[in-house]
Protein chains: 2
Amino acid sequence: MLSKKTKYGLKALSFLATLEDRQPVQIAEIAKHENISQKFLESILLTLRKSGLLGSKKGKGGGYYLIKDPKDILMTDVMRILEGPIALVPCVSLNFYEKCEDCPDEASCSVHKLMLQVRDSALTVYRHNTLADLIK
Amino acid sequence: MLSKKTKYGLKALSFLATLEDRQPVQIAEIAKHENISQKFLESILLTLRKSGLLGSKKGKGGGYYLIKDPKDILMTDVMRILEGPIALVPCVSLNFYEKCEDCPDEASCSVHKLMLQVRDSALTVYRHNTLADLIK
DNA sequence: TATTATCCTATCGATTTGATAGAGTATGCA
DNA sequence: TGCATACTCTATCAAATCGATAGGATAATA
C-alpha cells in the first residue's frame, strides 16, 4: 500500500507543477487545495526540499516552489524519496539492498525470482513518467 | 513492502510444488525446511487451505498438500489471498476497490493516473507466473 | 521591531505485524 | 476402545509503523 505521505507528496508536487510561474506557494494553500492536514504536509514538503526537489522561502511571501522543470522530475526519484524502496523485498532492491537472513540462496529463491520481475515492471513505469506526464 | 506472511506463504507453496507426490507434508517439516516460525506458518497454511489452494489431513500421516497442479496456480490468486490488493491504492484496485475520500475526481488525479499504470504492470507479471514457473 | 511563514523536534493514539500459547477436534492405529 | 498425532481455532502480546498534532526556533520581509 502506498503511504499517505507519498500520496500527499505526489499531490502537492502535481499541484505546484500545474502553476504557470514558479512563485512560492504557502503550505496552507497547498493543504487546502488538496484536502490535506497542514501539519502533516509540512513534514512532507520539508522532506522534498531536503532531497532537492523543492525550494523554499521563509517569511512574508514565502512558501515552496519547484526547482526543476516538471518534465525533468522522474517518478523513480520521487518514489524513492517519499516511499523508499521500489522493490517489495530488500533482496531485490537496487538502492536499498539487504540480504534476507532466512534465505540461504537468492538464485534458487522463488520469492526472489517473482519479486525481481515485479520490481522491473514497476521501475519501467516510474522511469517513463515525469511529473509533467502526471498533470497532462 | 511484502509482508512476511506472503513471503512465507509463497515459500511454503513452492516447497510443496517441488515434491513429486502430493502426499501430506507436516507443518513442522515445511517450517524447518524454510526457516519459518512453525506457529506463524500454521496460520498461513490455514489461510491457504480456506481459500482453496491447499488441502489438509489431520492425525498421523497428516499435513498439507497442493490441491491443484502448480502450473494451474496463478500468482494473481496467491497474492490476493496472502497480501490482499495488488494495487497500491484502493481507488485503482480491481478486487478491493474503494473511493478516496479526499479526492474529488479520479480522472484528474495524478496519483490515480500513475498508480493505474503500476497496477497494470504488476498484474501482467502475476498473470504470467504460475507456481510452476517459480520453481523452475 | 513586528509580522509572517518555514524549520525542527518531540510526542501520541491507533493500527498492523509477526509471533506465541494453549485448548479443541479429527484421524489413524494398536 | 483408547491413545498418540497433527491440524484447528481463538486469544493475546510486544514491537513497529503510521498519520497526525503541538509548540517553539529561525529567517525574511516591511
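What's counted below: heavy atoms across the whole structure, side chains too, no hydrogens, waters or symmetry copies.
The side chain of Lys57(A) approaches dT29(D) more closely than any other nucleotide in the set dT29(D), dC8(C), dT27(C). Considering only side-chain atoms of Lys60(B), the nucleotide from dT5(D), dG19(D), dT8(D) that sits closest is dT5(D).
In this structure, Asn129(A) contributes its side chain and Val125(A) its backbone to a donor-acceptor pair below 3.5 Å.
Rounded to whole angstrom, the span from the CG atom of Leu46(B) across to the P atom of dG24(C) amounts to 18 Å. At whole-Å resolution of the value, NZ in Lys50(A) and C1' in dT9(C) are 10 Å apart. Atom-to-atom, CD of Glu42(A) to P of dA25(D) comes out at 16 Å; the value is rounded to the nearest Å. Atom CE of Met1(B) is separated from atom P of dG18(C) by 12 Å (rounded to the nearest Å).
Using a 4.0 Å heavy-atom cutoff across all strands shown, Ser3(A) reaches sugar-phosphate atoms only and no base atom. Among the protein residues, Lys7(B) comes within range of no part of the nucleic acid, since none of its heavy atoms lies under 4.0 Å from any strand.
To the nearest 0.5 Å, the span separating CZ on Arg119(B) from OG on Ser93(B) amounts to 8.0 Å.
Classification of the Phe40(A)-Tyr8(A) ring pair by plane angle, with boundaries at 30° and 60°, yields perpendicular.
For DNA chain D, the neighbouring residues in residues 26-41 of chain A, judged by any heavy atom under 4.0 Å, are Ser37(A), Lys39(A), Phe40(A).
If you run salt bridge (charged side-chain N to carboxylate O under 4.0 Å, His left out) between Asp102(B) and each of Lys4(A), Lys11(A), Lys32(A), only Lys11(A) comes through.
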